[in-house]
Amino acid sequence: MNLIWFICGSCVGSFMLASVERWPAILTMQRSRCKNCHRQLQWFELLPILSFGCLHGCCKTCQVPIGWWSLSCEISSGLWWWACPPTSLGNTRWLLFGMLLLLTACCDWQVRQVPVGWLICLGLIACSFSPHSFQINCLLSISYLSIQPWLHSQPWIGSGDLDLLLILFIAYDPLQWSWLVLWAALIGISCALYERCHSIPFFPCLYLATLLLKLT
């Protein structure tokens with residue numbers, strides 16, 4: 001049964017990534033195409049995880065790399081569904097949190113910006129299973145909102161990064177949150193070294209760190 005949930009999750013992750021990449025063109029229900037040569041992909045090139053392995057991570061025609069983030073979305077989404085199958089209310093809330101977190105990570109990876117509405121939904125879901133009291137969550141939110149204009153005017157922080165850090169602090173206890181931030185930083189450093197760039201979007205790093213914390 002867990003394998004079935006993993007397969008379902010991989011398909012959901014693949015669809016979410018495609019939705020963000022092709023929005024709003026995906027509303028026309030057109031078939032997916034290679035982002036480089038624009039060749040229409042065949043059905044066997046759209047299978048989550050398997051297609052990436054069979055094609056060696058490259059387009060069959062132009063040989064341009066598909067990118068590691070595509071495979072990461074499919075595998076990580078499958079792991080979310082494997083770890084939190086929607087068979088109970090608690091699991092369903094965590095699964096919704098993970099999938100919305102994946103959606104924001106995909107958006108940050110593609111356009112370096114996350115809609116505020118998605119962050120509000122994440123915050124509401126986090127409050128539903130928060131280990132903190134309602135009063136503490138309210139105090140944290142009010143304190144953060146009071147300094148938000150100043151924080152967002154600073155050049156050293158990306159759009160929405162602090163918002164997500166607060167949401168994750170609401171969702172976890174301080175020790176778990178500390179481990180999550182540490183893992184996200186290590187993932188970010190590793191990705192920056194691999195991509196040979198000075199900056200990368202931090203949402204995907206926090207998303208992957210959240211999944212690691214959920215699996216441990």
Side-chain angles (χ1 to χ4, degrees), residues 9 12-13 16-17 20 69 72-73 75-84 86 89-152 154 156-192 199-216:
V12 171
M16 283 186 171
L17 179 61
V20 172
W69 177 241
S72 298
C73 287
I75 295 177
S76 62
S77 181
L79 289 174
W80 267 108
W81 283 69
W82 174 79
C84 303
L89 178 60
N91 278 358
T92 301
R93 287 186 297 185
W94 271 108
L95 185 59
L96 287 174
F97 185 77
M99 292 300 95
L100 189 53
L101 196 57
L102 170 59
L103 198 59
T104 58
C106 290
C107 193
D108 191 34
W109 182 266
Q110 294 295 325
V111 299
R112 302 297 194 270
Q113 192 173 6
V114 177
V116 176
W118 295 2
L119 293 174
I120 293 175
C121 291
L122 270 174
L124 292 175
I125 297 174
C127 288
S128 69
F129 52 74
S130 174
H132 311 294
S133 66
F134 176 77
Q135 292 82 356
I136 291 179
N137 287 335
C138 287
L139 180 61
L140 287 171
S141 301
I142 293 173
S143 300
Y144 175 71
L145 290 173
S146 65
I147 62 173
Q148 189 179 43
W150 176 81
L151 288 173
H152 283 195
Q154 304 304 307
W156 45 268
I157 191 69
S159 175
D161 289 344
L162 288 177
D163 300 22
L164 183 56
L165 285 172
L166 173 64
I167 291 170
L168 293 173
F169 188 83
I170 291 174
Y172 293 98
D173 63 54
L175 180 60
Q176 290 176 318
W177 183 84
S178 300
W179 277 109
L180 190 153
V181 174
L182 175 61
W183 289 345
L186 292 176
I187 292 172
I189 293 172
S190 301
C191 293
S199 64
I200 61 169
F202 198 47
F203 264 61
C205 302
L206 288 169
Y207 161 71
L208 293 175
T210 304
L211 175 60
L212 287 175
L213 189 61
K214 190 62 181 175
L215 293 175
T216 56

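In what follows, every heavy atom counts, from backbone to side chain, and hydrogens, waters and symmetry copies are set aside.
- Side chains of Thr104 and Tyr207 form no contact here, defined as non-hydrogen atoms less than 4.5 Å apart.
- For the pair Thr92/Pro86, a side-chain contact is recorded, criterion being any heavy-atom separation below 4.5 Å from C-beta on.
- Note that NZ of Lys214 is 10.0 Å distant from CG of Leu95, once rounded to the nearest 0.5 Å.
- The distance from the CD1 atom of Ile125 to the OG atom of Ser130 is 13.5 Å, given to the nearest 0.5 Å.
- Heavy-atom minimum distance, Ala184 versus Cys205: O-CB, 3.5 Å.
- When every heavy atom of Pro201 is checked against every heavy atom of Trp109, the shortest pair comes out as CG-CE3, 3.6 Å.
- The minimum heavy-atom distance between Ile170 and His132, with the atom names listed, is O-CD2, 3.5 Å.
- Trp183 CH2: more than 12 foreign heavy atoms inside a 6.0 Å radius.
- With rounding to the nearest 0.5 angstrom, the CD1 atom of Ile167 is 12.0 Å from the CG atom of Leu140.
- Between Leu206 and the choices Asp161, Asp108, Leu165, the side-chain contact (heavy atoms from CB on, under 4.5 Å) rule is met once, by Leu165.
- You'll find the side chain of Leu101 stays beyond 4.5 Å of the side chain of Leu211, heavy atoms only.
- Ring orientation note: the planes of Phe97 and Trp94 are nearly perpendicular, at an angle over 60° on the 30°/60° scale.
- The shortest non-hydrogen separation linking Leu215 to Ala83 is CD2-CB, 3.8 Å.
- Considering only heavy atoms from C-beta on, Leu212 stays 4.5 Å or farther from Trp179 through its side chain.
- Between the CZ atom of Phe169 and the CG atom of Leu162 there is a distance of 13.5 Å, given to the nearest 0.5 Å.
- Leu168 contributes atom CG, which lies 4.5 Å from atom OG1 of Thr210 (distance to the nearest 0.5 angstrom).
- The shortest heavy-atom contact between Pro204 and Ala105 is CG-O, 3.6 Å.
- Counting heavy-atom neighbours within 6.0 Å of Trp118 CH2, excluding the residue itself, gives a total above 12.
- Judged purely by atom type and a 3.5 angstrom limit, Arg93 has no side-chain atom pairing as donor or acceptor with the backbone of Phe129.
- The closest side-chain heavy-atom distance from Cys191 to Ile187 is below 4.5 Å.
- Here the CH2-CG distance, from Trp80 to Leu96, works out to 10.5 Å after rounding to the nearest 0.5 Å.
- Between Cys73 and Leu102, the closest heavy-atom pair is SG-CD1, 3.9 Å.
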